[in-house]
Amino acid sequence: MRPWERRSFTAFHIVVAGTGFGYLFLKYMGNNDSPFDLIQHPWQTPLMAIHIMAAAGFAVLFGILLRSHILPRLRRSRPENRVTGLIAFSSFITMALSGYLLQVSSSPSAVQIWMWTHIITGCLFVVIYTLHLVFGKRIIKARQRTRAMP
């Protein structure tokens, strides 16, 4: 994986996760007691717009990483960091699909199902991808130490 791919994916990850958690917080924790307002907070709508637009770029970068990082690693015989990678991969696919279906569903029950699927897999992806990055850096450092030893 090239450094720009990792940095771009991580930057989009931070923007999408931040706006997603921000939207979730404002929607369910916001305290707007007016029965006439459809939103809980004025920032709710801009956060959702940024979240959806950034998610499109995030999906494109995921496709780039699929080709340059994920598929080549699956073909390798070394299973380093594979568990977190596979969990991150499957949670990303489920998160992206449920996010799309959440936007196009019209049935209230379907919206609830896709919303909770999106929230759960989104939270799982944030945690697992972060662990995947941390474990990956540790593996790289350990390799560098063993190469440096005579």
Side-chain angles (χ1 to χ4, degrees), residues 1-76 78-141:
M1 176 188 328
R2 287 172 244 150
W4 75 266
E5 293 170 341
R6 184 183 309 109
R7 280 189 230 116
S8 300
F9 191 76
T10 301
F12 269 88
H13 172 255
I14 291 167
V15 171
V16 172
T19 56
F21 285 130
Y23 176 80
L24 188 65
F25 178 79
L26 292 178
K27 182 171 173 88
Y28 295 104
M29 305 297 181
N31 44 341
N32 182 355
D33 298 329
S34 174
F36 303 108
D37 285 340
L38 295 175
I39 60 173
Q40 293 294 320
H41 192 276
W43 273 96
Q44 192 175 326
T45 304
L47 277 178
M48 176 57 72
I50 295 167
H51 182 74
I52 292 170
M53 289 187 296
F58 196 37
V60 169
L61 284 166
F62 181 79
I64 293 170
L65 285 186
L66 182 67
R67 185 167 185 230
S68 71
H69 177 73
I70 298 168
L71 294 177
R73 300 294 166 144
L74 287 174
R75 293 183 191 118
R76 279 189 179 172
R78 291 188 295 193
E80 298 170 336
N81 213 9
R82 189 171 289 178
V83 172
T84 57
L86 288 173
I87 295 171
F89 175 76
S90 59
S91 64
F92 183 90
I93 297 295
T94 309
M95 173 186 67
L97 182 62
S98 62
Y100 175 75
L101 291 170
L102 183 58
Q103 297 302 312
V104 298
S105 295
S106 57
S107 160
S109 60
V111 168
Q112 286 294 312
I113 290 168
W114 297 128
M115 178 190 70
W116 284 109
T117 303
H118 189 66
I119 290 170
I120 291 166
T121 56
C123 291
L124 178 65
F125 179 76
V126 167
V127 171
I128 295 297
Y129 178 67
T130 303
L131 288 174
H132 187 69
L133 287 177
V134 169
F135 294 159
K137 287 200 181 285
R138 287 184 181 174
I139 290 167
I140 290 169
K141 285 182 182 179

State, to 0.1 Å, how close Thr84 and His132 come at their nearest heavy-atom pair, and which atoms those are.
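Residues Thr84 and His132, closest heavy atoms: OG1-ND1, 2.8 Å.
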Drop me the distance from His69's NE2 to Phe89's CZ, to the nearest 0.5 angstrom.
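Rounded to the nearest 0.5 Å, the NE2-CZ separation comes out at 11.5 Å.
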CG on Asn81 to NZ on Lys137, rounded to 0.5 Å:
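With rounding to 0.5 Å, NZ (Lys137) is 12.0 Å from CG (Asn81).
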Show, in sequence, the C-alpha distance, side-chain angles and deciding distance for Arg138 and Lys141, and conclude whether the side chain to side chain contact (heavy atoms under 4.5 Å, CB included) test is met.
CA-CA 5 Å; Arg138 287 184 181 174; Lys141 285 182 182 179; 5.8 Å; no
Identify, with sequence neighbours excluded, every residue that meets salt bridge (charged side-chain N to carboxylate O under 4.0 Å, His left out) alongside Arg2.
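Arg2 satisfies salt bridge (charged side-chain N to carboxylate O under 4.0 Å, His left out) with Glu5 once adjacent residues are dropped.
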Report yes or no: does Arg82 contribute a side-chain atom to a donor-acceptor pair with the main-chain N or O of Arg73 at less than 3.5 Å?
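Such a contact is found between Arg82 side chain and Arg73 backbone.
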Mind listing the side-chain donor-acceptor pairs of residues 45-63 below 3.5 Å, one per line with the distance, residues two or more places apart or on another chain?
residue	atom	partner	partner atom	Å
His51	ND1	Val16	O	3.0
His51	ND1	Thr19	OG1	3.1
His51	ND1	Gly20	N	3.4

Apply side-chain contact (heavy atoms from CB on, under 4.5 Å) to Val111 and list each qualifying residue two or more places apart in sequence or on a separate chain.
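Per chain and number, Val111 pairs via side-chain contact (heavy atoms from CB on, under 4.5 Å) with Leu102, Ser105.
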Tell me, please, which residues at least two apart from Lys27 pass side-chain contact (heavy atoms from CB on, under 4.5 Å).
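Partners of Lys27 by the side-chain contact (heavy atoms from CB on, under 4.5 Å) criterion, ordered by chain and then number, come out as Tyr23, Gln44.
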In chain order, what residues pass the side chain to side chain donor-acceptor pair (under 3.5 Å) check against Ser109, with sequence neighbours excluded?
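Side chain to side chain donor-acceptor pair (under 3.5 Å) list for Ser109, sorted by chain: Ser107.
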Yes or no on side chain to side chain contact (heavy atoms under 4.5 Å, CB included) for Trp4 and Ile64, after CA distance, side-chain angles and deciding distance?
CA-CA 11 Å; Trp4 75 266; Ile64 293 170; 4.2 Å; yes
Please tabulate, for the side chains in residues 117-130, all donor-acceptor contacts under 3.5 angstrom to protein atoms that are two or more places apart in sequence or on a different chain.
residue	atom	partner	partner atom	Å
Thr117	OG1	Ile113	O	2.7
His118	ND1	Met95	O	2.9
His118	ND1	Ser98	OG	3.3
His118	ND1	Gly99	N	3.3
Thr121	OG1	Thr117	O	2.7
Tyr129	OH	Thr10	OG1	3.0
Thr130	OG1	Val126	O	2.7

